[in-house]
Enquirer: 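Submitted below is the structure of interest, expressed as structure tokens.
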Amino acid sequence: MRLVTERLLPFENLDDDEAPGLSVEVLRQVFAAMGRDASFEALPFNRDWMMIVRGEANGIFSTFRTSEREQICSFPDEPLGQTRWVLFIRKSDVGKLKFSSFDDLVGHDVAVRGPVPGLFEQPTVSPELWKFLREHHNMVQTASGAESLRMLAADRVDYAVVNLSSAMGEIVAMGLSGKIEPLLSRSANEEGVYVCFIRGCVDPTFVDAFSRALKQFKQTEAFQAIYRKYFP
């Protein structure tokens with residue numbers, strides 16, 4: 001079983017042998033329980049999906065479920081985990097800005113990574129929040145979460161919507177620790193993170209069996225130990 005992915009902390013980081021990522025550690029356990037060998041490769045996002053389209057890999061992991069992807073991939077019922085998109089603010093605005101309702105965003109510019117249609121689509125905010133920001137003309141679309149964080153640090157926007165898991169590492173890498181803080185009381189969006197298997201290369205019965213094995217493993221103390229390692 002050959003699976004590919006991109007680097008999405010903390011779900012995978014194959015460059016780190018001690019902490020290769022939650023998804024990698026969970027998948028190794030699940031495939032071992034099923035008696036199946038599996039290899040994992042981290043590649044650029046677009047290359048991952050081109051390999052899937054060409055049938056050069058059996059599946060992709062730590063990905064999001066969309067209608068376009070379901071046309072070429074089979075998704076198990078059980079996700080590997082959940083990930084959140086939240087609003088970030090400058091530390092100097094803590095206590096001044098909040099996100100308890102959409103109305104808190106009125107009059108403030110909000111950086112949001114713009115959508116990429118089709119196969120490469122990735123969620124950023126809920127449809128309801130997207131509609132609200134568009135109607136109030138305060139959404140500033142960016143090319144990436146990192147760009148949204150840079151705009152926030154530069155005082156060009158008041159809020160930035162970024163994936164919580166990846167943003168914390170990006171903040172450290174960008175030297176912004178202590179300058180930008182997440183608002184955790186409410187999510188801008190939440191999505192399941194899945195393995196998807198390419199149709200025609202992987203039998204549907206295997207996908208069902210994998211889903212059952214994953215669900216069973218997530219009920220064990222071994223899974224809880226892995227989870228606490230990446231989400232202390």
Side-chain angles (χ1 to χ4, degrees), residues 1-34 36-52 56-66 69 73-86 88 113 120-124 144-146 149 162-174 177 182 184 187 189-198 202 207 210-232:
M1 186 69 63
R2 183 186 186 189
L3 300 177
V4 295
T5 186
E6 65 171 330
R7 188 172 180 267
L8 176 64
L9 298 174
F11 291 97
E12 63 269 336
N13 183 16
L14 287 167
D15 293 331
D16 188 341
D17 292 335
E18 296 298 319
L22 181 142
S23 294
V24 176
E25 294 202 39
V26 168
L27 287 172
R28 284 173 176 167
Q29 295 281 345
V30 173
F31 281 121
M34 297 178 69
R36 294 293 297 266
D37 293 326
S39 65
F40 310 103
E41 300 174 63
L43 301 168
F45 180 72
N46 287 4
R47 185 178 173 191
D48 282 340
W49 280 103
M50 291 311 300
M51 290 181 68
I52 295 298
E56 296 172 357
N58 298 108
I60 185 169
F61 65 98
S62 297
T63 192
F64 303 106
R65 190 169 189 164
T66 68
R69 293 172 185 179
C73 289
S74 297
F75 283 81
D77 293 332
E78 188 70 21
L80 285 166
Q82 293 285 129
T83 191
R84 298 175 64 194
W85 283 259
V86 301
F88 285 77
R113 184 182 58 77
F120 304 119
E121 178 185 359
Q122 300 244 34
T124 48
S144 66
L149 292 172
V162 189
N163 182 283
L164 179 61
S165 299
S166 58
M168 302 312 293
E170 289 175 341
I171 287 172
V172 173
M174 295 163 68
S177 298
L184 300 176
S187 298
N189 196 25
E190 296 190 15
E191 293 282 341
V193 177
Y194 289 86
V195 183
C196 71
F197 299 95
I198 186 167
V202 179
V207 179
F210 170 84
S211 186
R212 292 192 297 271
L214 174 59
K215 184 175 183 178
Q216 182 176 7
F217 179 68
K218 287 169 69 175
Q219 298 170 357
T220 66
E221 177 55 35
F223 172 80
Q224 293 302 323
I226 294 171
Y227 187 88
R228 289 193 296 269
K229 177 178 178 179
Y230 294 98
F231 294 95

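Each residue takes its place number in the sequence, starting with 1. What you see is a predicted model; the values in this text were computed from it and never measured.
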Enquirer: Are any non-hydrogen side-chain atoms of Tyr230 and Val26 less than 4.5 angstrom apart?
Expert: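 No. Closest side-chain heavy atoms not under 4.5 Å.
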
Enquirer: side-chain contact (heavy atoms from CB on, under 4.5 Å) for Phe75 and Arg69? Distances and angles first, verdict last.
Expert: CA-CA 9 Å; Phe75 283 81; Arg69 293 172 185 179; 4.0 Å; yes

Enquirer: Can you tell me if Ser62 and Ser23 form a side-chain donor-acceptor pair at under 3.5 Å?
Expert: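 Side chains of Ser62 and Ser23: pair found under 3.5 Å.
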
Enquirer: For Phe197, give me all partners under ring-ring contact (aromatic ring centres under 6.0 Å, His included), at least two apart in sequence or on another chain.
Expert: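 Here the qualifying residues are Phe206, Phe210.
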
Enquirer: With side chains defined as the heavy atoms from C-beta onward, is the minimum distance between Val193 and Pro79 less than 4.5 Å?
Expert: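 No; the side chains remain at least 4.5 Å from each other.
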
Enquirer: If every non-hydrogen atom of Gly192 is compared with every non-hydrogen atom of Phe64, which pair is closest and at what distance?
Expert: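 Between these two residues, the closest heavy atoms are O-CD2, 3.4 Å.
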
Enquirer: How about NZ on Lys215, more than 12 heavy atoms from neighbouring residues, nucleotides or ligands closer than 6.0 Å, or not?
Expert: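 No.
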
Enquirer: Ignoring hydrogens, what is the shortest heavy-atom contact between Ile198 and Ile52? Give both atom names and the distance.
Expert: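 Shortest heavy-atom contact: CD1-O, 2.6 Å.
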
Enquirer: Is there side-chain contact between Phe40 and Leu14, with heavy atoms separated by less than 4.5 Å?
Expert: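 In short, these two side chains touch, coming nearer than 4.5 Å.
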
Enquirer: Could you state the interatomic distance from CZ (Phe88) to CG (Leu149), rounded to the nearest 0.5 Å?
Expert: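 CG of Leu149 is found 6.5 Å from CZ of Phe88.
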
Enquirer: Going by salt bridge (Lys or Arg N to Asp or Glu O under 4.0 Å), name the residues that satisfy it together with Glu12, two or more places apart in sequence or in a different chain.
Expert: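 Salt bridge (Lys or Arg N to Asp or Glu O under 4.0 Å) check on Glu12 returns nothing, list empty.
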
Enquirer: Going from OG on Ser39 to CZ on Arg2, what distance comes out if it is rounded to the nearest 0.5 angstrom?
Expert: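 Taking OG in Ser39 and CZ in Arg2, the distance rounds to 6.5 Å.
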
Enquirer: Closest approach of Pro182 and Met168, non-hydrogen atoms and distance?
Expert: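 Minimum heavy-atom separation between Pro182 and Met168: CG-SD, 4.5 Å.
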
Enquirer: Restricting to non-hydrogen atoms, name the atom on Ser74 and the atom on Val207 that form the minimum distance, rounded to 0.1 Å.
Expert: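 It is CB-CG2, 4.1 Å.
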
Enquirer: Is any side-chain heavy atom of Arg228 less than 4.5 Å from a side-chain heavy atom of Gln224?
Expert: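 Yes, at least one pair of side-chain atoms sits under 4.5 Å.
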
Enquirer: Going by heavy atoms in the side chains, are Leu184 and Arg84 under 4.5 Å from each other?
Expert: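 The answer is yes, as the side chains (C-beta and beyond) meet within the 4.5 Å cut-off.
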
Enquirer: Output the distance between atom OG1 (Thr220) and atom NZ (Lys218), rounded to the nearest 0.5 Å.
Expert: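 Nearest 0.5 Å value for the OG1-NZ distance: 11.0 Å.
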
Enquirer: What orientation do Phe231 and Tyr227 show, parallel under 30°, tilted 30 to 60°, or perpendicular over 60°?
Expert: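 It falls in the parallel class, under 30°.
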
Enquirer: Minimum heavy-atom separation for Pro76 and Tyr194, please, with both atom names.
Expert: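 Here Pro76 and Tyr194 meet closest at O-CE2, 3.4 Å.
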
Enquirer: Looking only at non-hydrogen atoms, find the nearest pair between Pro20 and Glu25 and report the distance.
Expert: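 So the minimum-distance heavy-atom pair works out to CD-OE2, 3.6 Å.
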
Enquirer: Quick check: do Leu22 and Pro10 have side-chain heavy atoms less than 4.5 Å from each other?
Expert: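 Sidechains of Pro10 and Leu22: no contact.
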
Enquirer: Check whether any side-chain N or O of Asn13 sits under 3.5 Å from a backbone N or O of Gly21 as a donor-acceptor pair, and report yes or no.
Expert: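 Absent.
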
Enquirer: Is the side chain of Ser211 donor-acceptor paired with the backbone N or O of Asp77 at a distance under 3.5 Å, no angle test?
Expert: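 Such a contact is found between Ser211 side chain and Asp77 backbone.
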
